[in-house]
Asks: 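The structure follows.
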Amino acid sequence: MLYTLHSIIQEVTSAKGLQHALNIIVQRVAETTRVDVCSVYLWDRDSDEFVLMATLGLNPHAVGRVRLRRDEGLVGLVGEREEPVNLDNADLHPRFRYFPETGEERFHAFLGVPIIHFRRLLGVLVVQQQEIRRFDDEEVAFLVTLAAQLAGAIAHSEASGGIEGLHERGAGGQLSGMVTGIPGAPGIAVGEAMVVYAAADFNAVPERVPDDPEQEVELFRAAVHAVREEVKDLSERLTGMVPPEEQLIFDAYLRMLDGNSLIEETITRIREGNWAPGALSETISKHIKIFAEMEDPYLRERAADIRDLGRRLLMRLQLDSGDKRAVPDATILVGQEVAAAQLVEIPRERLVGVLSARGSGNSHVAILARALGVPAVMGAGDLPVGRLEGRHLILDGYAGRVYIDPSPAIRKEYRRRLREEAELSAGLRGLRDLPAETLDGEPISLMVNTGLLSDVKSALDVRCAGVGLHRTEFPFMIRDRFPGEEEQTTIYRQVLQPYGDRPVVLRTLDVGGDKPLPYFPVHEDNPFLGWRGLRLTLDHPEIFLTQLRAMLRANIGLGNLKIMLPMVTRLEEIEQSYALLRRASKELREEGHQVEVPPLGIMIEVPAAVYQAETLAKHVDFLSIGTNDLTQYLLAVDRNNPHVAELYDELHPAVLGAINRVAQAARAQNVPLSVCGGMAGDPKGAALLLGLGVNTLSMSAAALLRVKWVVRSMKMSELRGLAAKALTLETAAEVRALVQKALRDAGLGELFRGGE
Ligand code: PEP
Ligand code: MG
């Protein structure tokens, strides 16, 4: 059963478009379950009706014509109840509605199961049979399992253009392909998709029309030749080292490379208008699928050989051709999982948006996008990545939506929104030189979070009070080894210097979790609960000391450095870090450098640190709450996982309670407190934090003027009252409603126009 399920899903997943996918479903389900009829009805959001989209067994002319509202017919009943409806004689049911065009009067037994994707009802899968009988438990279970799995594939092919097909059938609405994801960075982007992919990932290689197909064929032939030589060489080197039967595999590889179907098919695809890596990926995926579905276990295993051979060819092609694509003027960077390093490679003036099928608003690539002021949509799992190269996209970073080749009406609507945005930012620019103080005169320190050298310009441009968090990870992530002391010293000096006497908080290395280093792989089942941040650097004093020494040296003659430790969970970690800091400065002084020991602070970002905040505060110079991780760890919601992204909420009463507790601890110990997580850059979050007594907020430069507007529009007394009220509420929704109302009442309604 599992095997059948698996093979149906595979076929559906690789179907070309929605209609093809639905036809496969009805055919394969009817075949497997031996029913007389199998049909799929999809919910058309525009007309609020179920539409018969595919059938095997009913009259094919009924497809596209049979339409039912949710309160109509048995299909409507399945939709209403969102559970299976199993009837031995459907025509006796009061909800039965007869459509003469279907010819369904002959069928009595009826089983309908809903197709639901992330709580959204996509449609209903129905099987019918002539005889009067109830479908048994096993049949129901099979169909329910299948529908649950098909939901993802259907949502995916809807997004790759299938919806348009639905509308051509007469719904009349004006919907083009739209994919929903998660807001990553606010803003709207209009641009052209440029797909990036990890080396040798067949599923992510985009389709692309080559300038000169014959030249592309030559490139491919050269790659085949090079891989032949490579395989021969490998085979020769292994002679005598492995049993002869193991070596036969290389002969098989060579045969595959000798002009058989793999090669010829790829060349045909190139000539049909796809570049070599795209054509090869398509061929390899198809062959892997054929072998993977074979009943014979030996043949099934051959899929792995094809994958291996394909990977070799693809790597060779990538090596030979390099990435010579022109970067579009308005680039929306698209990928299965866009990496921070890929984002940095696109010239800033051409990068207008980021779209990633994986990750969430708290992934580091989203944080980086926010820092750069580039709108981003994350976790768009249904994204047809491979088919997006060069397509026109509109990306809505507020709502987490992307439109593929949008209709004129949608374009017009977004042009209007862009105009409004421009007006708002022009208005906000007027606030740059005004002090950040509340209406009743309370000064607030608004700082920026940075991570790249290029951040300096926008940080200075918004007249920040300094840097509240400089993430030092990026130079570590984009190299192929740990950066040395000299390199780091140069970088940190460039970070410290532009701010004069304004403080700059350099955070020590926080890798691990979702920020792996390519040259220092760590394999863990739960990386966010594993070897990350301070835990890793304390275990590698040679790496930690190099970084501390570089920070101290960079500060010579400047004096605006503060050092901050990430992921603190135990007091001992602070003591050990202090010991290393003192050691680094002692050594440097002995070497003749005039270094000073700077203030040392910690991040409060794990629940343990919240409960021990007062103790920890006694031992450090400042505290900074990292709400991104704190929310993740308090709510047990992976900050990168799109499946649970809706549960990730900084306004959750537990998060507010934790922040309040830390604020009280900091006051009791008279230790400065700031917040440097994403909450500080969100107008609602900022209002609550100020009310809770946090008067230093650090955020992306792109968010700073919005928050300054909030600060300058409200009284501290008002904010305190707001936070006190919020602390009494029981759900995040109530908190959100309360703060939104307060901000609107203060005349800040425009901040929510983006759909927030
Ligand atoms: C945080 O966790 O809130 C934080 C600021 O650190 P990072 O996002 O880099 O983990
Ligand atoms: Mg953190």
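When a ligand or atom number is given, it counts from 1 through the structure's own listing order.
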Asks: Parallel under 30°, tilted from 30 to 60°, perpendicular over 60°: which one fits the rings of His643 and Phe118?
Replies: tilted

Asks: How far does CZ of Phe476 sit from CD1 of Ile491, to the nearest 0.5 angstrom?
Replies: 8.0 Å

Asks: Return yes if a side-chain donor-acceptor contact under 3.5 Å exists between Thr537 and Gln547, otherwise no.
Replies: no

Asks: Less than 4.5 Å apart, any side-chain heavy atom of Val595 and any of Ile556?
Replies: yes

Asks: Are any N, O or S atoms from Glu605 nearer to the Mg ion (ligand 2) than 2.8 Å?
Replies: yes

Asks: Give the name of the N/O/S atom in Asp629 that lies closest to the Mg ion (ligand 2).
Replies: OD2

Asks: Heavy atoms under 4.0 Å from ligand 1: which residues qualify?
Replies: His364, Ile367, Leu469, Arg471, Arg507, Asp510, Lys515, Arg532, Met603, Glu605, Gly626, Thr627, Asn628, Asp629, Arg639, Cys676, Gly677

Asks: Is a side-chain N or O of His619 found less than 3.5 angstrom from the main chain of Thr615, in a donor-acceptor match?
Replies: yes

Asks: Any pair with a residue in residues 698-710 that passes side-chain hydrogen bond (donor to acceptor under 3.5 Å, both in side chains), sequence neighbours left out, goes on the list, sorted by first then second residue, please.
Replies: Asn449-Ser698

Asks: Would you call the rings of His540 and Trp531 parallel, tilted or perpendicular, where under 30° means parallel and over 60° means perpendicular?
Replies: tilted

